[in-house]
Visitor: 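Mind looking over this structure? Questions follow.
Residue numbers start at 1 and run along the sequence shown.
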Amino acid sequence: MTDAQIHDLDIRCRHAVEEMLAGEYLSVFKGRGIEFEDVRPYEPGDDVRSIDWNVTARAGKPFVKRFIEERDLTVYLIVDVSASSRFGSRADDKLAAAAGICGLLAHAAIRNHDRAGLILFTDEVECHLPPAKGLNQVARILDLIQNHPVAGRGTDLRQPLDFLMHVTRRRGVVFLISDFQATGYEEALESAALSHDLIAVRLHDPRESSLPADGGICRVRDNETGRIVWLDSGDGKSRREYAERAADRDARVREGLQACGAEVFEVVCGEDYVVDLRAFLQARLDHRR
């Protein structure tokens with residue numbers, strides 16, 4: 001992406017947040033964390049569960065713990081930039097969709113005085129941008145997602161999750177953005193979900209679920225392994241079997257992510273992910289209410 005294209009995406013994401021997403025972000029993520037500040041004498045009507053028994057024993061009269069809301073959050077965007085992220089049957093490939101979603105989330109975070117950070121990965125950690133505030137951070141995030149050179153082609157989800165656990169100890173909001181074409185990451189995902197508010201953003205291209213009826217003999221290539229398979233899309237049975245296998249794979253991935261403690265946000269490349277993200281945040285808020 002050129003600098004002009006990055007700037008255009010940045011502006012579009014900022015406007016979308018201002019018009020549609022700022023309220024949902026604030027409601028869903030702000031005010032959820034609390035931290036201990038100090039103790040004060042017990043007053044009639046205080047919740048007895050807040051009594052600090054150690055201080056009470058030393059002072060000889062009851063004291064209660066006082067908590068305050070965490071004043072800001074750290075939002076980490078962990079983005080899959082492996083070879084499969086370059087696949088797209090529509091105008092946007094998976095990487096372009098990932099950049100758009102990250103632009104929305106980063107602008108929402110910055111607007112609410114939170115810090116946003118970025119981890120790019122393939123089968124290794126390719127880039128780490130430490131969390132920071134300010135609009136310049138959004139531009140840096142978008143530029144790195146689209147233009148940072150990468151060494152790997154495959155996908156290893158354990159690498160960025162293990163890296164995350166080493167670079168931050170404070171609980172934050174983590175968006176793990178990938179097509180999840182990988183295995184063996186369950187233990188790392190469970191550990192991250194215990195320490196952070198983890199949302200798995202699963203990128204999906206329509207061609208991965210269905211073959212075109214008039215496509216004839218199709219060559220399907222795995223971008224990460226290079227493996228090529230020939231399929232007859234003109235045959236109804238072949239199309240049905242392809243769609244059934246895709247639906248089964250999608251269900252297994254989704255159920256596996258949820259079993260590890262992650263919430264799942266499904267994104268279909270080429271569709272309006274602004275509307276989809278708003279609906280996801282609203283559903284998340286409704287569920288918690």
Visitor: When you group the ILVMFWY residues by side-chain heavy-atom contacts below 4.5 Å and let the links chain together, are Val17 and Ile11 in the same group?
Guide: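 No; tracing contacts between hydrophobic side chains, which count when under 4.5 Å, never links both residues.
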Visitor: Can you confirm whether Phe87 sits close enough to Asp179 that some side-chain heavy atom of one is under 4.5 Å from a side-chain heavy atom of the other?
Guide: no
Visitor: With the side chain counted from C-beta on, respond yes when Val138 and Cys13 share a heavy-atom pair under 4.5 Å apart, and no when they do not.
Guide: no
Visitor: If we ignore hydrogens and angles and just use 3.5 Å, is the side chain of Lys133 paired with the main-chain N or O of His113 as donor and acceptor?
Guide: yes
Visitor: What closest approach, in Å, do Glu124 and Ala151 show between heavy atoms, and which atom pair accounts for it?
Guide: OE2-CB, 4.2 Å
Visitor: Give the C-alpha distance, both sets of side-chain angles, the deciding distance and a yes or no for side-chain contact (heavy atoms from CB on, under 4.5 Å) between Leu104 and Tyr273.
Guide: CA-CA 10 Å; Leu104 294 172; Tyr273 48 76; 3.8 Å; yes
Visitor: Give a yes or no on whether the backbone of Thr2 and the side-chain of Gln5 come within a donor-acceptor separation of less than 3.5 Å.
Guide: yes
Visitor: Please report the interatomic distance CG(Leu277) to CG(Leu105), rounded to the nearest 0.5 Å.
Guide: 5.5 Å
Visitor: Considering all heavy atoms of both residues, which atom of Val264 and which atom of Phe280 are nearest to each other, and what is their separation?
Guide: O-CE1, 3.6 Å
Visitor: Closer than 3.5 angstrom, by distance alone: can the side chain of His107 be matched with the main-chain N or O of Asp10 as a donor-acceptor pair?
Guide: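 At least one qualifying donor-acceptor pair exists.
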Visitor: Taking it one step at a time, do Phe121 and Leu157 satisfy side-chain contact (heavy atoms from CB on, under 4.5 Å)?
Guide: CA-CA 8 Å; Phe121 73 97; Leu157 288 155; 3.5 Å; yes
Visitor: Inspect the contact between Glu266 and Arg254 and indicate whether a charged nitrogen and a carboxylate oxygen are less than 4.0 angstrom apart.
Guide: yes
Visitor: Is the backbone N or O of Val81 less than 3.5 Å from a side-chain atom of Thr122, with the two atoms forming a donor-acceptor pair by type?
Guide: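 Not at all, since once roles are kept as given, no pair shorter than 3.5 Å links the two residues.
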Visitor: Once rounded to the nearest 0.5 Å, what's the spacing between atom NZ of Lys65 and atom CD1 of Ile51?
Guide: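 CD1 of Ile51 is found 11.0 Å from NZ of Lys65.
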Visitor: Under a 3.5 Å distance rule, please check whether His148 uses its side chain to pair with a backbone N or O of Glu126 as donor and acceptor.
Guide: yes
Visitor: Once the angle between the rings of Tyr76 and His128 is folded into 0 to 90°, is it parallel (under 30°), tilted (30 to 60°) or perpendicular (over 60°)?
Guide: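 Parallel, since the angle between the ring planes stays under 30°.
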Visitor: Looking at Ser82, is its backbone amide N or carbonyl O close enough to the side chain of Arg86 to form a donor-acceptor pair, meaning the two atoms are under 3.5 Å apart?
Guide: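 Here the side-chain-to-backbone pair does not exist.
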Visitor: According to salt bridge (Lys or Arg N to Asp or Glu O under 4.0 Å), who are the partners of Asp93, at least two apart in sequence or on a separate chain?
Guide: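 Testing Asp93 for salt bridge (Lys or Arg N to Asp or Glu O under 4.0 Å), a comparison that skips the adjacent residues, returns none.
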Visitor: When clusters are formed by joining ILVMFWY residues with side-chain heavy atoms under 4.5 Å apart, either directly or through shared neighbours, do Trp53 and Val39 land in the same one?
Guide: no
Visitor: Going from CZ on Arg115 to OG1 on Thr168, what distance comes out if it is rounded to the nearest 0.5 angstrom?
Guide: 7.5 Å
Visitor: For residues Asn147 and Met1, determine if any side-chain heavy atom of one lies less than 4.5 Å from a side-chain heavy atom of the other.
Guide: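 Asn147 reaches Met1 side chain to side chain.
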Visitor: Does Asp3, at its CG atom, have more than 12 non-hydrogen atoms belonging to other residues, nucleotides or ligands within less than 6.0 Å?
Guide: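 Incorrect, the count does not exceed 12.
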Visitor: If we check side chain to side chain contact (heavy atoms under 4.5 Å, CB included) with Leu129, which of these qualifies: Leu118, Leu120, Ile119?
Guide: Leu118
Visitor: Looking at every non-hydrogen atom in both residues, tell me the closest pair between Asp123 and Gly152 and how far apart they are.
Guide: OD1-CA, 3.5 Å
Visitor: Does Asp80 pair with Lys94 as a salt bridge, N-O distance under 4.0 Å?
Guide: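 A salt bridge is absent here (no side-chain N lies under 4.0 Å from a carboxylate O).
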Visitor: Which heavy atom in Thr155 sits nearest to a heavy atom in Ala182, and how many Å separate them?
Guide: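 Residues Thr155 and Ala182, closest heavy atoms: O-CB, 3.7 Å.
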Visitor: Are Leu142 and Leu144 connected into the same hydrophobic cluster when the rule is that any two of I, L, V, M, F, W, Y join if their side-chain heavy atoms are below 4.5 Å apart?
Guide: no
Visitor: Between Ser191 and Glu187 (side chain of the first, backbone of the second, donor and acceptor by atom type, cut-off under 3.5 Å), is there such a pair?
Guide: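 No; zero donor-acceptor contacts below 3.5 Å.
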Visitor: For Phe180 and Tyr185, what are the C-alpha separation, side-chain angles and deciding distance, and is it a side-chain contact (heavy atoms from CB on, under 4.5 Å)?
Guide: CA-CA 10 Å; Phe180 293 92; Tyr185 56 80; 4.1 Å; yes
Visitor: Evaluate the side-chain proximity of Leu161 to Met165: yes if any heavy-atom separation is below 4.5 Å, no if none is.
Guide: no
Visitor: Quick one: closest heavy-atom pair of Ala97 and Leu203, and the distance?
Guide: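 Smallest heavy-atom distance, with atoms named: CB-CD2, 4.4 Å.
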Visitor: In the structure I gave you, are the side-chain heavy atoms of Ile177 and Val267 within less than 4.5 Å of one another anywhere?
Guide: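 A side-chain contact under 4.5 Å is absent here.
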Visitor: Please tell me whether Leu95 and Phe265 are part of a single hydrophobic cluster in this structure, the criterion being side-chain heavy atoms less than 4.5 Å apart.
Guide: yes
Visitor: Is it true that, when you exclude His15 itself, more than 12 heavy atoms of the residues, nucleotides or ligands shown sit nearer than 6.0 Å to its NE2?
Guide: yes
Visitor: Do Leu176 and Leu189 touch side chain to side chain, with heavy atoms closer than 4.5 Å?
Guide: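 Answer yes - side chains close enough.
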Visitor: Taking all atoms of both residues into account, what is the closest heavy-atom pair of Ala193 and Cys260, and its distance?
Guide: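 Heavy atoms only, the tightest pair is CB-O, 3.5 Å.
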Visitor: Say whether, by atom type as modelled, one donor and one acceptor occur between the side chain of His204 and the main chain of Val268 under 3.5 angstrom.
Guide: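 No; judged by distance alone, with no hydrogens or angles, the pair does not exist.
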Visitor: Please assess Glu19 against Val274 for the test side-chain contact (heavy atoms from CB on, under 4.5 Å), listing each intermediate value before the final yes or no.
Guide: CA-CA 11 Å; Glu19 295 171 5; Val274 178; over 6 Å; no
